[in-house]
Amino acid sequence: MCNRSFISLLLFLVLVGALASKEDCPSGQYTTSGECCQQCQPGDGVVTPCGDTQTECAPCLDSETFSENFSHTEQCKPCTECRGLLIMKTPCTDSNDATCACKYGYYMSELSQQCEPCTMCPEGQGVLAGCEIDHDTICEKCEEDTYSDQESSWDPCIPCTSCDDSETLHHCTSVSNTVCQGKEVTIGRRTKNSQEEPKTSNLHSLPVSHSDKLIPIYCSILAAVVVGLVAFIIFKRWNSCKQNKQGANNCTTIQNQTPSPEGEKLHSDSGISVDSQSLQEQQLQTQTVVTIDEEPCLLLPLHTREKVEKMLVRGGEGDSHMEDSDWCNLAGLLGYEEDRITAFRQEEHPVCALLSDWASKDSASIDNLCTALRKINRDDVAQSLVLSPNPKPTATSVV
């Protein structure tokens, strides 16, 4: 009886030990020698799987391969590439794959799982919710004294104009604004009467009380303009006198330093002859160059800026829907909001306006611009910037 009890106890302890060892092995797999197979951490992939030997791991290549799980079998997987209408939202790291999003003006359709163009709300409808990465534009019909007279993907319904005491010529509809009798001056808008008649006729048609109120306003505006012009003229004259004095001081200094007459050769002990007039020109150039401490953020030749603008406006080859999406995506990566991008779109040359505005920022540089261009898959434009001549000004001195 004692022997049987001892054997049963021994078997129980062995069974408990085996179960405990399985719980201590996260992979749940063992080598042929009975060791628990080790797991590779996120960012590392399996090189040699567990079997006769222990698991061998190796780091994944950042921006090329990744591994995001603890595993004893998973190898490093290649990073996802954002192509076509997709741009990179978050970059690929050794432990996380890249995430892609549709370009500006497109959204990801749940049905087709592809980027589709954002819907434009027609006349008579305004934007209730703008087009985002994961949903299309939501339009609403203009009602209750609101209207929309143009097709748009960002403008909501606009409140109709109130004629106040004036006579209403045409009432507001969902596609047109109210048209009022031209009896009062409206800033920023013109009625039909104001377009057909001269400005003086509107003033004569105003009541006497309105004319009395407008005269002081016009006088104040005229006085402000005159004061501004006088201040501008005074500043220009003061600045001109200051520059003339500086020029006279520079000429006096140069004459003191080079007392020999013009055209006379100065001979040094080393046998090198220097023309006095050339020496003065070099000194003036030296004074101008020394004031340049560092290279400007964006020092692009004119032909290079025009080339970048044409390439961004034209978009990618073979894609007729990317008419202006590239520069809009570039503006988004440079930190501009959608309302600012819309303002650039109203310019005659939107790309030129974008680059000029961004060049005035402290963060503006050729490297940052090239990085943003590569993120929108425009390596061709970035390459043209890298290859463009960009001479760096240097300081010189006269020996």
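Just so you know, these numbers come straight off a predicted model, no measurement behind them.
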- Message: Minimum heavy-atom separation for Ile376 and Lys103, please, with both atom names.
- Response: O-NZ, 4.4 Å

- Considering all heavy atoms, the nearest Ser153-Met120 contact: CB-SD, 3.5 Å

- Side chain proximity check, Pro350 to Trp327, heavy atoms < 4.5 angstrom: yes

- Query: Would a hydrophobic clustering, with Ile, Leu, Val, Met, Phe, Trp and Tyr connected at side-chain separations under 4.5 Å, put Leu334 with Met88?
  - Reply: no

- Query: Transitively linked via ILVMFWY side-chain contacts under 4.5 Å: Leu373 with Leu333?
  - Reply: yes

- Query: Got Tyr147 and Ser174 here, is their nearest side-chain heavy-atom distance under 4.5 Å?
  - Reply: no

- Indicate whether the side chain of Glu116 and that of Ser112 have a donor and an acceptor atom separated by less than 3.5 Å. yes

- Using the test side-chain contact (heavy atoms from CB on, under 4.5 Å), find all partners of Val127 that sit at least two apart in sequence or belong to another chain. Cys121, Thr137

- Message: Does any part of the side chain of Cys118, heavy atoms only, come nearer than 4.5 Å to the side chain of Asp136, both counted from C-beta?
- Response: yes

- If you measure only the distance, is there a donor-acceptor pair under 3.5 Å linking the side chains of Gln38 and His72? no

- Query: With side chains defined as the heavy atoms from C-beta onward, is the minimum distance between Pro26 and Cys36 less than 4.5 Å?
  - Reply: yes

- Task: Might you work through the side-chain hydrogen bond (donor to acceptor under 3.5 Å, both in side chains) test for Thr371 and Asn368, ending with a clear yes or no?
- Result: CA-CA 5 Å; Thr371 301; Asn368 292 341; 5.2 Å; no

- Do Ser109 side-chain atoms and Gln113 backbone N/O form a donor-acceptor pair below 3.5 Å? no

- Query: Do Cys57 and Thr55 have side-chain heavy atoms sitting under 4.5 Å apart?
  - Reply: yes

- Task: Mind listing the closest non-hydrogen atom pair of Thr65 and Cys79 along with its distance?
- Result: N-SG, 3.6 Å

- Are Trp154 and Ile341 grouped together when hydrophobic residues (ILVMFWY) are joined by side-chain heavy atoms under 4.5 angstrom apart? no

- Kindly indicate whether the side chain of Cys37, heavy atoms from C-beta on, has any atom under 4.5 Å from the side chain of Gln54. yes

- Item | Donor-acceptor contact below 3.5 Å, side chain Thr168 vs main chain His170 | no

- Mind listing the closest non-hydrogen atom pair of Cys40 and Val46 along with its distance? SG-CG2, 3.6 Å

- Message: Please find the pair of heavy atoms, one from Cys76 and one from Pro59, that lie closest to each other, and give the distance.
- Response: SG-C, 4.4 Å

- Message: Side chains of Asp155 and Gln150, heavy atoms from C-beta outward: is any pair under 4.5 Å?
- Response: yes

- Query: Hey, any chance Tyr107 and Leu86 share a hydrophobic cluster, counting ILVMFWY side chains that come within less than 4.5 Å of each other, even indirectly?
  - Reply: no

- For Lys77, check salt bridge (charged side-chain N to carboxylate O under 4.0 Å, His left out) against everything at least two apart and list the hits. Glu74

- Task: Measure the shortest side-chain to side-chain distance between Leu330 and Arg378 over non-hydrogen atoms and say whether it is less than 4.5 angstrom.
- Result: no

- Look at the side chain of Thr146 and the backbone N and O of Glu143, then say whether any donor-acceptor pair between them is shorter than 3.5 Å. yes

- Do Thr178 and Thr161 pass the side-chain hydrogen bond (donor to acceptor under 3.5 Å, both in side chains) test, and can you show the C-alpha distance, the side-chain angles, and the key distance before you say yes or no? CA-CA 6 Å; Thr178 308; Thr161 300; 5.8 Å; no

- Message: Taking NE2 in His171 as the centre, count heavy atoms belonging to other residues, nucleotides or ligands within less than 6.0 Å. Is the count above 12?
- Response: no

- Query: Are more than 12 heavy atoms from other residues, nucleotides or ligands located less than 6.0 Å from atom CD of Glu123?
  - Reply: yes

- Query: Above 12 or not: heavy atoms from other molecules or residues under 6.0 Å from CD of Gln346?
  - Reply: yes

- How about Asp145: does its CG atom have over 12 heavy atoms from other parts shown lying under 6.0 Å from it? no

- Test side-chain contact (heavy atoms from CB on, under 4.5 Å) applied to Asp379 and Arg374, step by step: CA-CA 5 Å; Asp379 291 337; Arg374 291 189 179 98; 3.1 Å; yes

- Can you tell me if Asp149 and Ser176 form a side-chain donor-acceptor pair at under 3.5 Å? no

- Asp52 side chain vs Thr32 backbone, donor-acceptor pair below 3.5 Å: no

- Query: Stepwise, does the side-chain contact (heavy atoms from CB on, under 4.5 Å) test hold for Phe70 with Gln41?
  - Reply: CA-CA 5 Å; Phe70 287 93; Gln41 298 181 353; 3.7 Å; yes

- Query: Which pairs count as salt bridge (Lys or Arg N to Asp or Glu O under 4.0 Å) when at least one residue sits in residues 346-360, sequence neighbours excluded?
  - Reply: Arg340-Asp357

- If you measure only the distance, is there a donor-acceptor pair under 3.5 Å linking the side chains of Thr80 and Asp97? yes

- Query: CD1/Ile234 to NZ/Lys236 distance, rounded to the nearest 0.5 angstrom?
  - Reply: 14.0 Å

- Item | Main-chain N/O of Tyr104 paired with Asn329 side-chain donor or acceptor, under 3.5 Å | yes

- Query: Once you round to the nearest 0.5 Å, how far does CD1 of Ile87 lie from SG of Cys82?
  - Reply: 8.5 Å

- Query: Does the ring of Tyr336 carry Lys361 above it, NZ/CZ under 6.0 angstrom from centre and within 45° of its axis?
  - Reply: yes

- Query: Looking only at heavy atoms, which two atoms of Cys328 and Arg345 are closest? And how far apart?
  - Reply: SG-NH2, 3.7 Å

